[in-house]
Amino acid sequence: GLSCLLGFHHARLVADQRFTGRVDNGALVFEGQSFSSPSGAADELCRTKDGRKTSLNGKELISARLPGETDWVLLKALERRMREASGLQA
């Protein structure tokens, strides 16, 4: 399946937060938890320095590595690339 990496860094955090995951049957799976959307995964897993949840755009934080490729690509950029390849507008 598709490999995924969620990376979150913010000035209010003690340290970077990184989670590895994958796409399984159309769902994102990080830390053994299944999520139906990138933002749902980011909102649930990432915390501020004082431990609070925060609202995040998962497409700007989660990168994917397509099978056979070595580079990680943000979901936001991957979505744009797929739209352009199919001739669809944003």
With rounding to the nearest 0.5 angstrom, report the CG to CD1 distance, L75 to I62. 5.5 Å

Other members of the hydrophobic cluster containing L5, with the 4.5 Å side-chain heavy-atom rule, please. W72

From E44 CD over to L6 CG, what is the distance, rounded to the nearest 0.5 angstrom? 11.5 Å

Heavy-atom closest pair (Q17 atom, R47 atom, distance to 0.1 Å) is NE2-O, 2.7 Å

Quick one: CG on L45 to NZ on K53, what's the gap to the nearest 0.5 Å? 9.0 Å

Side-chain heavy-atom pair C4, R22 within 4.5 angstrom cut-off: no

Pair up each side-chain donor or acceptor in residues 25-43 with any protein partner under 3.5 Å, not counting sequence neighbours, and list the distances.
{"residue": "S37", "atom": "OG", "partner": "G40", "partner atom": "N", "Å": "2.9"}
{"residue": "S39", "atom": "OG", "partner": "L56", "partner atom": "O", "Å": "3.3"}
{"residue": "S39", "atom": "OG", "partner": "G58", "partner atom": "N", "Å": "3.0"}
{"residue": "D43", "atom": "OD1", "partner": "L56", "partner atom": "N", "Å": "2.6"}

Sorted by chain and residue number, the side-chain contact (heavy atoms from CB on, under 4.5 Å) partners of L66 (sequence neighbours excluded) come out as L2, E69, L78, R81

Mind running salt bridge (charged side-chain N to carboxylate O under 4.0 Å, His left out) on E79 and R83 for me, showing each step along the way? CA-CA 6 Å; E79 180 181 53; R83 269 197 315 267; 3.6 Å; yes

Linking directly or through intermediates, with side-chain heavy atoms under 4.5 Å: list the remaining ILVMFWY members grouped with L74, chain and number order. none

